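See structure below.
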Amino acid sequence: MKELFSEVRGAVFATLVLAIVCCGVYPLVVFGISQALFHDKANGSLILDADGTVRGSKLLAQGFIADKYFHPRPSAAGTGYDATTSGGSSLGPTSQKLNDAIKDRVNGYRKENRLNAKESVPADAVTASGSGLDPHISLRNAELQLPRVAKARAMSEENLRELIKQNTDARDFGLLGDPGVNVLSLNRALDSFALNP
């Protein structure tokens with residue numbers, strides 16, 4: 001019986017030590033490192049107004065429909081751009097529903113950006129990302145939307161191109177993926193430019 005209590009005491013002690021280390025010390029160390037080295041990313045890459053009001057995250061798309069804004073990728077997340085129900089449509093390439101949706105989006109994109117019927121439309125303009133919350137559009141997508149936004153804002157295309165350039169994220173590690181334009185950051189910069197040209 002004495003050996004049993006000795007074993008139980010050792011097991012309880014080991015459990016308490018591991019609980020303190022794994023559930024207390026380790027998370028605090030990781031939290032401290034992330035706050036010290038990656039403060040912005042560890043806190044959601046939030047976009048704040050001058051007064052500290054949160055307007056969104058650089059990591060999540062928001063829906064913009066007005067002509068004076070660049071439009072993000074379509075979203076299949078909830079009713080659209082809903083971070084609580086992130087996810088794709090789960091429709092495959094043989095799905096008639098997906099094909100019909102893409103055809104409708106292509107026609108709508110061409111119409112809103114005044115493109116002719118032969119102009120190719122970037123895939124990211126008519127297909128949702130896996131999460132439905134991709135914050136980026138391709139440079140080609142931004143370039144095709146540029147005349148519409150410039151006209152709606154009575155702004156020069158040259159100034160608009162500069163804002164696109166300033167809000168374009170480079171390839172990861174300089175070689176992975178393609179550069180992408182962060183739509184929320186770009187639209188916020190447009191609104192700031194309108195206030196302070």
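Since we're looking at a predicted model, the values are computed, not measured.
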Asp67 and Val149: CA distance, side-chain angles, deciding distance, side chain to side chain contact (heavy atoms under 4.5 Å, CB included) verdict: CA-CA 6 Å; Asp67 282 345; Val149 176; over 6 Å; no
Just to verify, what does Glu162 make a salt bridge (Lys or Arg N to Asp or Glu O under 4.0 Å) with, not counting sequence neighbours? none
Residues that Asp178 engages under salt bridge (Lys or Arg N to Asp or Glu O under 4.0 Å), provided they are two or more places apart: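 Asp178 satisfies salt bridge (Lys or Arg N to Asp or Glu O under 4.0 Å) with Arg171 once adjacent residues are dropped.
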Quick one: does [X]'s side chain get under 4.5 Å of [Y]'s, heavy atoms only?
X: Glu143; Y: Ile137; answer: no
X: Leu144; Y: Pro122; answer: yes
X: Leu190; Y: Lys68; answer: no
X: Gln62; Y: Tyr81; answer: no
X: Pro135; Y: Leu60; answer: no
X: Arg110; Y: Arg105; answer: no
X: Asp169; Y: His136; answer: yes

Salt bridge check, Glu119 against Arg140: does any charged N sit closer than 4.0 Å to a carboxylate O? yes
Looking at Arg73 and Asp124, is any side-chain nitrogen of the basic one under 4.0 Å from a carboxylate oxygen of the acidic one? no
Taking a hydrophobic cluster as the set of Ile, Leu, Val, Met, Phe, Trp and Tyr residues connected by side-chain heavy atoms closer than 4.5 Å, whether directly or through intermediates, do [X] and [Y] fall within one such cluster?
X: Val29; Y: Phe38; value: yes
X: Ile33; Y: Val25; value: yes
X: Leu59; Y: Val54; value: no
X: Leu139; Y: Leu175; value: no
X: Leu160; Y: Leu115; value: no

Which heavy atom of [X] sits nearest a heavy atom of [Y], and at what distance?
X: Ser185; Y: Asn182; answer: N-OD1, 3.1 Å
X: Val181; Y: Ser138; answer: CG2-O, 4.3 Å
X: Gly63; Y: Pro72; answer: CA-CG, 4.3 Å
X: Asp51; Y: Thr53; answer: OD1-OG1, 2.8 Å
X: Val183; Y: Phe70; answer: CG1-O, 3.4 Å
X: Leu133; Y: Ser129; answer: N-OG, 3.5 Å

Please answer whether the main-chain N or O of Ala150 pairs with a side-chain N or O of Glu157 as donor and acceptor at a distance below 3.5 Å. no
May I have the list of side-chain donor-acceptor pairs in residues 91-103 shorter than 3.5 Å, sequence neighbours left out?
unit_1: Ser95; atom_1: OG; unit_2: Lys97; atom_2: N; d: 3.3
unit_1: Ser95; atom_1: OG; unit_2: Leu98; atom_2: N; d: 3.2
unit_1: Gln96; atom_1: NE2; unit_2: Asp100; atom_2: OD1; d: 2.8
unit_1: Asn99; atom_1: ND2; unit_2: Ser95; atom_2: O; d: 3.3

Taking the six-membered ring of Tyr69, is NZ or CZ of Arg148 closer than 6.0 Å to its centre and within 45° of its axis?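 Geometry flag: not set, cation outside 6.0 Å or 45°.
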Working to the nearest 0.5 angstrom, can you tell me the gap between Leu163 CG and Leu146 CG?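 Rounded to the nearest 0.5 Å, the CG-CG separation comes to 10.0 Å.
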Within 6.0 angstrom of Leu18 CG, more than 12 heavy atoms from elsewhere: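 Yes, because the 6.0 Å sphere around CG of Leu18 holds more than 12 heavy atoms from other groups.
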Taking CZ in Arg161 as the centre, count heavy atoms belonging to other residues, nucleotides or ligands within less than 6.0 Å. Is the count above 12? yes
Given His71 and Tyr109, is the side chain to side chain contact (heavy atoms under 4.5 Å, CB included) satisfied, shown in steps? CA-CA 10 Å; His71 299 172; Tyr109 187 86; over 6 Å; no
Using the side chain to side chain contact (heavy atoms under 4.5 Å, CB included) rule, pick out the option among Asn141, Asn113, Asn107, Val126 that qualifies with Val121.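 Of the listed options, the one satisfying the test is Val126.
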